[in-house]
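Counting starts at 1 for both ligands and their atoms, following the listed order.
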Amino acid sequence: MMSSRIGGKSKRSGELLAKKLQSEGISNTAVLQAIAQSPRHIFVPEILAHKAYDNTALPIGQGQTISQPYIVAKMSELLLAAGRPKSILEIGTGSGYQTSILAQLTDKVFSVERIKALQWQAKQCLRAMDLHNVAMKHGDGWQGWQSKGPFEAIIVTAAPASVPPALLSQLADGGRLIIPVGEQSQILKIITRDGDTFNEEQVEAVRFVPLVPGDLL
Ligand code: SAH
């Protein structure tokens with residue numbers, strides 16, 4: 001995972017991936033452009049680099065996965081559906097790939113990860129991409145990041161059994177939370193806040209690693 005691995009060849013691969021996602025129904029041009037421009041191969045282990053532009057999830061170590069490009073694009077598009085948020089809270093930095101897409105779509109990204117080693121690698125990748133508008137926290141995503149809130153947009157890339165109350169309370173009025181919820185079977189939800197009312201919409205069935213409560217690694 002080094003800057004020397006960002007090259008011209010990946011540009012063409014990114015563009016092809018964006019075309020594929022467009023053919024699968026992603027229509028937000030800012031999202032497609034971010035996908036086209038991002039070197040996904042630097043976010044995966046070197047031995048899997050040849051699969052980096054396939055539309056699949058891949059293991060990134062520590063029992064975690066880099067999300068499938070389609071779902072990264074889909075969640076980003078849903079997050080932007082009501083307009084461009086000024087800042088975004090992301091729970092589950094993982095490889096940092098989703099973070100890098102978000103960083104191209106907003107002014108500031110706040111990202112929380114419980115596994116220190118993954119957070120460190122993600123930081124290197126974002127630096128290699130020259131993205132400097134991401135603040136990271138080594139912490140428990142169930143608690144959100146209260147001191148930086150409220151947030152117009154929150155995205156969760158690991159699945160809790162139920163929606164963490166802290167994330168609802170850190171959602172700004174009119175804000176949107178995109179979150180997979182469930183254990184064996186999970187459903188992607190959009191939760192929008194209207195004063196003290198939270199409206200929920202179900203998008204599609206998904207499969208994420210669990211949002212683990214408690215202890216940090
Ligand atoms: N968007 C990431 C997805 C990574 S997988 C990517 O595309 O690479 C989900 C991540 O959520 C993992 O890195 C996992 O360590 C993290 N995670 C799980 N439970 C968490 C918690 N309670 N707080 C913060 N991060 C958590």
Side-chain angles (χ1 to χ4, degrees), residues 1 14 17 21 31 34-35 38-45 48-49 51-79 88-106 109-126 128-129 131 134-146 148-149 151 153-168 170 177-183 186 188 206-217:
M1 312 220 180
L17 176 57
L21 299 183
V31 171
I35 298 272
S38 300
R40 190 169 183 256
H41 65 281
I42 70 167
F43 294 90
V44 305
L48 293 175
K51 292 190 174 169
Y53 297 89
D54 293 355
N55 188 17
T56 54
L58 294 168
I60 54 171
Q62 317 273 341
Q64 307 303 320
T65 53
I66 180 172
S67 305
Q68 182 191 12
Y70 171 79
I71 201 74
V72 169
K74 182 78 191 176
M75 289 173 84
S76 303
E77 184 169 87
L78 292 172
L79 214 48
I88 298 174
L89 171 66
E90 177 190 45
I91 305 299
T93 315
S95 68
Y97 176 67
Q98 170 86 70
T99 321
S100 78
I101 300 297
L102 298 175
Q104 298 172 66
L105 299 170
T106 186
V109 180
F110 297 92
S111 190
V112 181
E113 169 59 54
R114 70 182 276 272
I115 303 178
K116 188 89 189 165
L118 290 178
Q119 185 194 40
W120 188 84
Q121 282 182 345
K123 222 174 238 178
Q124 309 309 310
C125 291
L126 294 172
M129 282 179 72
L131 293 171
V134 178
M136 290 192 183
K137 179 186 168 99
H138 181 224
D140 177 9
W142 279 86
Q143 309 307 322
W145 193 337
Q146 189 170 5
K148 305 292 183 187
F151 302 93
I154 303 179
I155 176 173
V156 184
T157 69
S162 59
V163 179
L167 299 185
L168 293 177
Q170 289 167 33
L177 165 62
I178 311 291
I179 184 169
V181 183
E183 286 171 298
Q186 303 167 2
L188 188 63
V206 286
R207 209 162 79 204
F208 281 87
V209 297
L211 187 75
V212 184
D215 289 351
L216 302 185
L217 294 177

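Given atom 18 (C) of ligand 1, the protein heavy atom at minimum distance is P210 O, 3.6 Å. Counting protein heavy atoms only, atom 23 (N) of ligand 1 is closest to G141 N, 2.7 Å. With respect to atom 15 (O) of ligand 1, the closest heavy atom belonging to the protein is E113 OE2, 2.6 Å. Protein heavy atom in closest approach to atom 12 (C) of ligand 1: Q64 OE1, 3.2 Å. Protein heavy atom at the shortest distance from atom 19 (N) of ligand 1 is V212 N, 3.0 Å. Summary of contacts: the protein heavy atom closest to atom 11 (O) of ligand 1 is G92 CA, 3.3 Å. Ranking protein heavy atoms by distance to atom 9 (C) of ligand 1, first place goes to T157 O, 3.4 Å. Of the protein's non-hydrogen atoms, the one nearest atom 4 (C) of ligand 1 is T65 O, 3.1 Å.
In this structure, the separation between CZ on R40 and CG on L48 is 10.0 Å, given to the nearest 0.5 Å. For the atom pair OG1 of T93 and NZ of K123, the computed distance is 9.5 Å after rounding to the nearest 0.5 Å. Once rounded to the nearest 0.5 Å, the distance linking CE of M75 with CD of Q68 reads 12.0 Å.
Considering both main-chain and side-chain atoms, Y97 never comes within under 3.5 Å of ligand 1 through any nitrogen or oxygen pair. Considering backbone and side-chain atoms together, S67 places an N or O closer than 3.5 Å to an N or O of ligand 1. Between V209 and ligand 1, not a single N/O pair is under 3.5 Å apart.
Side-chain contact check for V163 versus L177: some heavy-atom pair is nearer than 4.5 Å. Between P164 and L211 there is a side-chain heavy-atom pair separated by less than 4.5 Å. Residues I60 and Q121 are not in side-chain contact: their nearest non-hydrogen atoms beyond the backbone lie 4.5 Å or more apart. Between Q119 and S111, every side-chain heavy-atom pair lies at or beyond the 4.5 Å cut-off. At a threshold of 4.5 Å between non-hydrogen side-chain atoms, the residues Q143 and K137 do not count as touching. A 4.5 Å side-chain heavy-atom check between E90 and I155 finds at least one atom pair inside the cut-off.
Scanning both residues, F208 and Q186, for their nearest heavy atoms gives N-OE1, 2.7 Å. Heavy atoms only, all atoms of each residue included: P160 and I179 are closest at CG-CD1, 3.8 Å.
Contact annotation for R114 and ligand 1: heavy atoms of both the backbone and the side chain come within less than 4.0 Å of the ligand. Here L211 has heavy atoms under 4.0 Å from ligand 1 in both its backbone and its side chain. Counting heavy atoms closer than 4.0 Å to ligand 1, residue T99 contributes nothing at all.
Near L118, meaning under 4.0 Å from one of its heavy atoms, ligand 1 places the atoms 13 (O). Remark: ligand 1 atoms within the under-4.0 Å shell around heavy atoms of W142 are 22 (N). Close approach of ligand 1 to Q98 (heavy-atom distance below 4.0 Å) involves ligand atoms 1 (N). Ligand-side atoms of ligand 1 in range of G139: 23 (N), 24 (C), range being under 4.0 angstrom from any heavy atom. Less than 4.0 angstrom separates some heavy atom of I115 from each of these atoms of ligand 1: 15 (O). Distances below 4.0 Å separate heavy atoms of I66 from the following atoms of ligand 1: 6 (C), 7 (O), 8 (O).
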Applying side chain to side chain contact (heavy atoms under 4.5 Å, CB included) to S38 and F43, what does each step give before you reach the verdict? CA-CA 10 Å; S38 300; F43 294 90; 5.6 Å; no
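When only modelled atom types and interatomic distance are considered, Q98 and S76 share a side-chain donor-acceptor pair under 3.5 Å.
Under a 4.0 angstrom heavy-atom cut-off, V72 registers as lying outside contact with ligand 1. No heavy atom of A57 sits closer than 4.0 Å to any atom of ligand 1. Contact analysis leaves A122 out of contact with ligand 1, as no non-hydrogen atom separation drops below 4.0 angstrom.
Aromatic ring orientation, W145 versus F110: perpendicular (interplanar angle above 60°, classes split at 30° and 60°).
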